[in-house]
Every structure is written in structure tokens, then in C-alpha cells.
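Just below is one structure, and these are the notes that go with it.
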Amino acid sequence: MEPEEYGLDLHCTMILEEYEQMLPVFKKMKEIVLDKLKALLKENNILVTAVDGRVKTEKSLAGKLELKGAKYRFLSDLTDIFGARVITFYSDEVDKIAALIENNFDIDWNESVDKRKMHELNSFGYMSLHYICRIPKSVYYDEQMPEINDYRFEIQMRTTLQHAWASIYHDNGYKTDVEVPQEYIRTLNRLAGMLELADDEFSRIRTALNEYRYKIQNLLRDGKFAEIKLDGDSFARYLELNPFKRLTDKIAAINQAEIHPTTTLPYLKILQKLGFKTLGDIETLKNNYWEDAYQLALHQIGGTDLDIVTSTIGLQNLCIVYQLKNNVSIHGLTKFFDTLNGETPYNQERAKRLIESTKDLPFLKK
């Protein structure tokens, strides 16, 4: 439509005409800002749900001018012709992203607003941080398009849950001029409170996990294995130390075999089933059964032409020797192989043969 066809007064029609002239500028601003935001997030290792933006359409701007045109003197008074949005996973990341934006864009503090400070029961979906910004010349400058550095734009930062709630609230017409029955308002407000609590708890849990992992790293660095509970996080970080490498290398050297890399993580469940509670228990296993695990390997592959072994053979033999020395049953050893290889009838036969073939080995005799 032509600007004059919207039925606006002369003043608003002139603003709309200026918008049409400046549309290439706003489209270029969108490109620059989104590229910069994505680069900043990547450089700082911040994962987000989305980074997007939009340039207000002519129809949308005309509708805004029809309602509020008198408050704007020029197009430059409107700060949301172009708007960007960053959706984060966690509420505490909003402040990290805000700091990056403050360091890379010029912020109009008088127009920016932190809606997270709202305390109304129904405010959850609108608790985003809104910055009104300009693109500084240090980020981008084109003498053919100097307006890029003059016009302001908006960046909204909110969490995924806040964004989802705002979308639901808006799309279902809850925020309209038509009064919604009070029983529904009450339910909506309760749901908003639950989502806000969930948002806070997700951030709290992540912070606690990060602190726990940092504690594990410090204990591992200091060699305090007995103080570290055996779980998925601690076991993964323990494996980064390659604690079984020397044993595996020694076993591979029996036949000058190649070592085929494979994951050690399935052994977590095995070690837990064997009763190990801490990384100190695994260290004790390694130190006390090292030579026996090597002797078992000599018995298994010595004299054969086996020229490839898995990278887990050291830990595997430690677990087998531990069970054999503690009178494991055929059923127990079968379960061990089931956990490693999946349940097959062959695992029970393998367990029987292993127990039978090793019963006379010197290091397994009572």
C-alpha cells in the first residue's frame, strides 16, 4: 500500500514515507547485529536457544502510528523498527549476554528497561531485559550509509521458558481488551509462578553442578581419590587421566598388538555393581590387582597371534580378576559380559570357560 492509503494524518504519513526510504538501512542493521551477536556468543562459548531479529513491516508500523503516532516526531524516535532477540537456556546467562552487548554496542540507558524487576503475578512472560542500542562505528561503518550508526534498535534477552510463556499468553489472546474470567486468570498466574520457579531452579542446579565438577577437578588434581564419590561426572573426569593406560600398554606389548580405542564409560555401571563407592576404590583395585590382571592377559593371549586389543582391556581384566578372586559365580560373570557386550547366550558359555580355565592359575589359588 501507499503510505497515504492507511488513513493516517500528514505527520504520521511522513514518518511512514521516511520508513520506506530507510528500509534498506534497517535491513542492513539486522544483518550486522545478528552476525555480531552470534560471533560474540561463539567467542564466549555461550549456547542459546535462538538469536533472531525482525524489521517491522509497513503495515505493523502504520498500525502503531495510528495508535501512538502523536508521541513520535521523527522515525528516529521509534526504537523498535528493527529488533533482535536472544533466547537463553538459563536465566543467569541473560546478564552474561547483556555484558557482552554493553561492551560492543552503544546503549541508550534512558530508554532501556529491565522487566525482570517486575513483581506482578502475571509478569513472568515479560520478564526480559530490553536494551535500546546503536551500532558504534567500531563495529561497522559505511560512509554510503551513515544512518546505520544513527538509528536505534532493540535487543531483547529472555529465557526459553519466559519466551514460551509469552508466546502462549499472546497467541491465546489472554492479553486482550476482553476480560478473561477470574478462575482462568488465577490458573494462568499459578502456571506462571511454576514456570518462574522452574527457571530459577534450572539455573541453580546448573550452578551447583558446575561447582561440584570444579570440586572434583581440584580433588583429582590433588590425588584425593578417596574423597570423590563414584558417579558419571567423576568417572568421566577420572578417565581423562588415562589411569589404565600403562596396564593396557603392557598387555598390548605381549603380542605387540595394536590398541583399538573404545569407550570405557560402560564400566561405570559394572564398578558400581561390584560395590565401588569412590574413585579411591578404583585406585585400590588398580594398585592391588595390577599384576594379576597382567598375568590373566598372559594366560589369555600369550602364545596366540592376536594382534589387536581394545583400549579397555586393562580395566576389563582388573574387573575379571577382582570377581574371580572373590569367588564370582557363573551367573555373576555372565552378567558382567552381558553389561559389556549385550545379552547373548555366548556370554554364559564364555563365563563358564573363563572360570574353568583359570581355576589353576597360581595368582587365583587360595
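For this chain, numbers begin at 1 and follow the sequence in order. Here the structure is a predicted model, which means the values were calculated and not measured.
At least one side-chain heavy atom of Arg158 sits under 4.5 Å from a side-chain heavy atom of Ile87. Put simply, the side chain of Val48 reaches to within 4.5 Å of the side chain of Ile97, judged on heavy atoms. Taking the side chain as every heavy atom from C-beta outward, Thr88 and Tyr90 never approach each other to under 4.5 Å. In this structure the side chain of Lys64 reaches within 4.5 angstrom of the side chain of Leu78, judged on heavy atoms. Residues Ile251 and Phe244 have side chains not in contact (no heavy-atom distance under 4.5 Å, counting atoms from C-beta outward). When side chains are defined from C-beta on, Tyr140 does not count as touching Lys36, because their heavy atoms never get closer than 4.5 Å. Counting heavy atoms from C-beta on, the side chains of Thr79 and Glu154 never come closer than 4.5 Å. Ile81 places a side-chain heavy atom less than 4.5 Å from the side chain of Tyr19.
Side-chain contact of Thr262 with Thr310: a donor-acceptor pair under 3.5 Å is absent, judged by distance alone. Looking at Asp231 and Ser234, their side chains do bring a donor and an acceptor atom within 3.5 Å of each other.
For the residue pair Asp338 and Thr344, the shortest heavy atom distance occurs at OD1-N, 3.8 Å. Closest of all the heavy-atom pairs between Tyr212 and Lys229 is OH-O, 4.1 Å. Minimum interatomic distance between Cys133 and Ile107 (heavy atoms only, all atoms of both residues): SG-CD1, 3.7 Å. Here the shortest heavy-atom pairing between Arg134 and Asn149 reads CD-O, 3.6 Å. What you find for Thr248 and Ser311 is that their closest heavy atoms are OG1-O, 3.5 Å. Scanning all heavy atoms of the two residues, the minimum distance from Leu265 to Thr263 falls at N-OG1, 3.2 Å.
The existence of a salt bridge linking Lys286 and Glu283 is confirmed by a sub-4.0 Å separation between a basic side-chain nitrogen and an acidic carboxylate oxygen. Salt-bridge check for Glu201 with Arg204: passed, with a basic side-chain N closer than 4.0 Å to an acidic carboxylate O. Using a cutoff of 4.0 Å between basic side-chain nitrogens and carboxylate oxygens, Asp142 and Lys28 are not scored as salt-bridged.
Tracing side-chain contacts under 4.5 Å through hydrophobic residues (I, L, V, M, F, W, Y), one reaches Ile313 starting from Leu241; they form part of the same cluster. Grouping the Ile, Leu, Val, Met, Phe, Trp and Tyr side chains by contacts below 4.5 angstrom, directly or via other members, places Leu209 apart from Leu219. Following chains of ILVMFWY side-chain contacts shorter than 4.5 Å, one can reach Ile270 starting from Ile330, so the two form part of one hydrophobic cluster. Under the 4.5 Å side-chain contact rule for hydrophobic residues, Val113 and Ile132 do not share a cluster. No chain of hydrophobic side-chain contacts below 4.5 Å, direct or via other Ile, Leu, Val, Met, Phe, Trp or Tyr residues, connects Val25 to Tyr141.
One distance of note links CG of Leu247 with CG of Leu318; it measures 5.5 Å at 0.5 Å rounding. In this structure, Met14 CE and Leu65 CG are separated by 12.5 Å, a value rounded to the nearest 0.5 Å. In this structure, CD on Glu240 lies 9.0 Å from CG on Asn242, to the nearest 0.5 angstrom. Annotation: the span from Ser112 atom OG to Glu102 atom CD amounts to 9.0 Å, rounded to 0.5 Å. His11 contributes atom NE2, which lies 10.5 Å from atom OH of Tyr72 (distance to the nearest 0.5 angstrom). Taken to the nearest 0.5 Å, the OG1 atom of Thr358 stands 13.0 Å off from the CD atom of Gln295.
Within 6.0 Å of the CD atom in Gln217, the count of heavy atoms belonging to other residues, nucleotides or ligands exceeds 12. Around CZ of Arg54, the count of heavy atoms belonging to other residues, nucleotides or ligands within 6.0 Å exceeds 12. Counting non-hydrogen atoms of other residues, nucleotides and ligands closer than 6.0 Å to OH of Tyr151 gives a total above 12. Atom NZ of Lys96 has more than 12 heavy atoms from other residues, nucleotides or ligands within 6.0 Å. Taking a 6.0 Å sphere around CE of Met145, one finds it holds more than 12 heavy atoms contributed by other residues, nucleotides or ligands. Counting heavy atoms of neighbouring residues, nucleotides and ligands inside a 6.0 Å radius, atom CZ of Arg353 exceeds 12 of them.
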>> The test is side-chain contact (heavy atoms from CB on, under 4.5 Å); show your working for Gln348 and Lys352 and say whether it passes.
In response: CA-CA 6 Å; Gln348 184 176 26; Lys352 287 179 181 178; 4.1 Å; yes

>> Please evaluate residues Tyr238 and Phe225 with respect to the criterion side-chain contact (heavy atoms from CB on, under 4.5 Å), reporting the C-alpha separation (whole Å), side-chain torsions for both, the decisive distance (0.1 Å), and the verdict.
In response: CA-CA 9 Å; Tyr238 177 66; Phe225 300 103; 3.8 Å; yes

> Does the pair Asn341 and Tyr346 meet the rule for a side-chain contact (heavy atoms from CB on, under 4.5 Å), with working shown?
Replying inline: CA-CA 10 Å; Asn341 310 316; Tyr346 172 72; over 6 Å; no

> Hey, mind stepping through His163 and Thr160 against side-chain contact (heavy atoms from CB on, under 4.5 Å) and telling me if it holds?
Replying inline: CA-CA 5 Å; His163 181 61; Thr160 301; 5.7 Å; no

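Here Tyr289 and Tyr322 bring their ring centres to under 6.0 angstrom of each other.
Hydrophobic cluster membership for Phe74: none, as no Ile, Leu, Val, Met, Phe, Trp or Tyr side chain comes under 4.5 Å of it.
At distances below 3.5 Å, not a single donor-acceptor pair connects side-chain atoms of Arg350 with backbone N or O atoms of Thr334. Asn103 contributes no side-chain N or O that, together with a main-chain N or O of Leu100, makes up a donor-acceptor pair within less than 3.5 Å. With hydrogens and angles disregarded, no donor-acceptor distance shorter than 3.5 Å links the side chain of Thr312 to the backbone of Leu315. Side chain of Ser203 to backbone of Ser91: a donor-acceptor contact under 3.5 angstrom is found.
A salt bridge (charged side-chain N to carboxylate O under 4.0 Å, His left out) with Asp52 holds for exactly one of Arg85, Lys38, Lys30; it is Arg85.
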Please tabulate, for side-chain N and O atoms in residues 298-309, each donor-acceptor pair with protein atoms closer than 3.5 Å (sequence neighbours left out).
unit_1, atom_1, unit_2, atom_2, d
His299, NE2, Ser357, O, 3.4
Gln300, OE1, Asn317, ND2, 3.3
Thr304, OG1, Asn255, ND2, 3.4
Thr304, OG1, Ile301, O, 2.6
Thr304, OG1, Leu306, N, 3.3

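Taking the six-membered ring for Trp and thresholds of 30 and 60 degrees, Phe82 and Phe153 have ring planes inclined between 30 and 60 degrees apart.
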